[in-house]
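Everything below concerns the one structure shown next.
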Amino acid sequence: MTQFLADVAVVGLRILMAFFAVFIIYECFASMRRQRRHETPLVMLYNETARTKIPVLCWENAVGRSRGNDIVIKDPTVSRSHFVLLRREEGWFVSDSDSKAGTYVNGKKASFRTPVYIDDKIQVGHTTLQLRRGEEFTEQVRHNWFFSKASGRPSVSSPWLVFLVNLFHLFMAVEICITFGELRVGAFEIWGAMTAFSWLLYAVSAGGFGRSNFEIEAIALFLTGLGALLLVEQNMRDAWIQVAAAVAGSVIYMIILAFIRNPDRIIRWRMVIMLLSLGFLLINLIFGVAELGATNRIYVAGISIQPSELVKIAYIFVGASALDHLQTKRNLFEFVVFSALCVGALALMSDFGTALIFFVTFLIISITRSGDYKTVILAVAAVIFAGILVLQFKPYIADRFAIWGHALEDPSNAGFQQARVLTNIAAGGFFGTGVGGGVLKCYGASETDLVFGIVSEEMGLVVALTIAMTIFGFVINSRATASRSRSTFYSISAICAACMMLTQTALNIFGCTDILPLTGVTLPFISAGGSSMLSCWGLIAFIKAADERTYSVGRLNGEE
């Protein structure tokens, strides 16, 4: 009878943890949905030709005939991307985007960042726009995206979110002890370290930076601690590396938030960041060590580093930099060349999974910022051609494609990893076999490429799918905040960072479950790897910056 009650308690704990994980993630995203600022126009453009009022909600606004612009002018004499209206500390400016007819302010042709003041007139084609004060615009601005429909309820308390995350990690540590029938000190050491880190990060965020919202950080802490605790019974050293890398990543996270506070700072450092990124990749090509078919890492003082993970952050910087610069043909060409060099370098390292992540991000930036579908079609065609060449000269890549979708037909050879993952996911069921009690961790690359299988086996399909939906939630949230963010850089960089993580997540999950060919990329925040952890924390800084609550109210209204 006693044993029966004990078994019931164990199963109950696993079920509790599964729904507790869902509850934590729901609370975080629900809190972000509930609290938002009122969307009052900064200024207004009065179209004298059409006699319509156009609200200007953002610091940076692309204006033109194309539907991809922030402000669309229905005039055939206006270029697809005609000019940019933007606000900086000194006031409002107009920058022509290499338009055919040019942009004029009060009858004078505008050059780069021509000042424009209230009541000034901007002539584009046959259309005249007058800059007016935002209070004159009385029509309510509406958005169809469901996240914009915020209720009046207050957001979830940040300390409460931190407590929930710590409690979930404590349950994981307890379950490890239950799985092995004895006290596992290492599990509680990792839990203690993550708890201290959580509250320290909250104190710095709330006290040092004055930020009241903590949902994105809570999600990152939740995933980080989950991944670290899964490593306790597999490799205690790797578990500590995960925690240390998360602490270092949070520092990078804070630095990025401070750095991009002024969008103009990005363009000043754009070329430097670009050259440093290419330098990192060049060093990797020269000194890279071949492991598991790829030379995507170098060793410094015995520590393994993947430069490509840090270049992900730089790629977002370069791709989403200041709108009035990026809209010009010269800077678009620079970005295309930079992208080609990054993807080419990764291909030479045989890191095709990361190369694909960069390429998808390039497509998103190209479509979002330039609306140039010709470039996108050409890039896709080039990648298809390159993929055919890869299959010809990289036999092991061709083997992965050959076994794709047929892993269970050859479970002892080519489909070994995928077959083991599928088998152990089935063994874990909805609620898992217990943290630390799985057998998938005994196979090669289980802590990196196959970690989704470990989560599914030990914690159950409910938790595993919650992790996947969390990354997808970043994309939904970034898309929602993009329509409310004051800076185009914040909007585009947030969407690109979220999509970069989602692409990486999809390649990891679908690769190990035989839905896609196995590419060998990590699962964000969960897979073992210090470089991956650093890049994940760096990427969420862009998502955080796009949240209109991140910076002060005065700053959001263009004031200091």
Side-chain angles (χ1 to χ4, degrees), residues 273-274 276-298 305-319 334-367 375-401 404 445 448-449 496-512 516-524 527 529 531-532 534-536 538-539:
I273 293 172
M274 195 184 304
L276 285 174
S277 301
L278 294 176
F280 279 138
L281 294 177
L282 180 61
I283 291 173
N284 198 158
L285 285 171
I286 297 172
F287 300 103
V289 177
E291 292 182 3
L292 300 175
T295 55
N296 59 350
R297 63 182 69 238
I298 59 176
I305 301 174
Q306 281 187 270
S308 61
E309 292 292 340
L310 301 179
V311 174
K312 287 179 182 177
I313 300 173
Y315 193 76
I316 300 294
F317 270 117
V318 175
E334 287 178 358
F335 177 58
V336 170
V337 172
F338 176 64
S339 301
L341 291 174
C342 287
V343 174
L346 291 167
L348 290 175
M349 299 174 200
S350 296
D351 191 357
F352 297 105
T354 305
L356 183 57
I357 293 171
F358 272 70
F359 177 69
V360 171
T361 307
F362 165 76
L363 295 182
I364 295 169
I365 293 175
S366 298
I367 295 173
T375 302
V376 171
I377 293 171
L378 181 62
V380 171
V383 166
I384 292 174
F385 177 72
I388 294 173
L389 291 179
V390 167
L391 294 177
Q392 292 293 325
F393 295 100
K394 297 285 185 179
Y396 73 95
I397 299 293
D399 291 340
R400 290 184 179 180
F401 273 85
W404 171 29
T448 52
D449 301 354
C496 291
C499 288
M500 182 177 277
M501 286 197 291
L502 180 63
T503 303
Q504 186 172 330
T505 300
L507 290 176
N508 179 279
I509 295 175
F510 295 155
C512 71
L516 289 175
L518 188 63
T519 54
V521 299
T522 56
L523 184 62
S527 292
S531 298
S532 176
L534 291 175
S535 73
C536 288
L539 290 175

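Bear in mind the structure is a predicted one, so any value in this text is a computation, not a measurement. All values below were derived from every heavy atom in this structure, side-chain atoms included, with hydrogens, water molecules and symmetry-related copies excluded. Nothing fancy with the numbering, it's 1 onward along the sequence.
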Task: Side chain proximity check, S277 to V318, heavy atoms < 4.5 angstrom - done: no

TODO: Check E309 against S531 and note the closest heavy-atom contact, atom names and distance.
DONE: CB-O, 3.5 Å

TODO: Can you sort out the partners of T503 under side chain to side chain donor-acceptor pair (under 3.5 Å), two or more places apart, ordered by chain and number?
DONE: none

- [ ] Please report the shortest heavy-atom distance between S535 and I313, naming the atom on each side.
- [x] CA-CD1, 4.0 Å

TODO: Could you tell me the separation between the CG atom of L363 and the CZ atom of F358, rounded to the nearest 0.5 Å?
DONE: 13.5 Å

- [ ] Starting at CZ of F338, measure out to CD1 of I273 and round the result to the nearest 0.5 Å.
- [x] 9.0 Å

Task: Interatomic distance, L507 atom CG to L523 atom CG [nearest 0.5 angstrom] - done: 11.0 Å

Task: side-chain contact (heavy atoms from CB on, under 4.5 Å) involving I316 - partner list, sequence neighbours excluded - done: T361, S493, C496, M500, L539, F542

Open item on the list: Once side-chain hydrogen bond (donor to acceptor under 3.5 Å, both in side chains) is applied, what residue pairs with a partner in residues 335-349 remain, sequence neighbours excluded?
Closed with: Y315-S339

- [ ] Tell me, please, which residues at least two apart from A506 pass side-chain contact (heavy atoms from CB on, under 4.5 Å).
- [x] F510

TODO: Applying side-chain contact (heavy atoms from CB on, under 4.5 Å), run through N508 and S527 and close with a yes or a no.
DONE: CA-CA 10 Å; N508 179 279; S527 292; 4.2 Å; yes

Identify all side-chain donor-acceptor contacts of residues 278-286 below 3.5 Å with residues at least two apart in sequence or on another chain.
from: N284; atom 1: ND2; to: T295; atom 2: O; distance (Å): 2.9

TODO: Any chance you could measure L534, atom CG, to Q306, atom CD, to the nearest 0.5 Å?
DONE: 11.0 Å

Task: Nearest atoms (heavy-atom pairs only) where C499 meets I364 - done: CB-CD1, 3.2 Å

Open item on the list: For T522, give me all partners under side chain to side chain donor-acceptor pair (under 3.5 Å), at least two apart in sequence or on another chain.
Closed with: Q504, S532

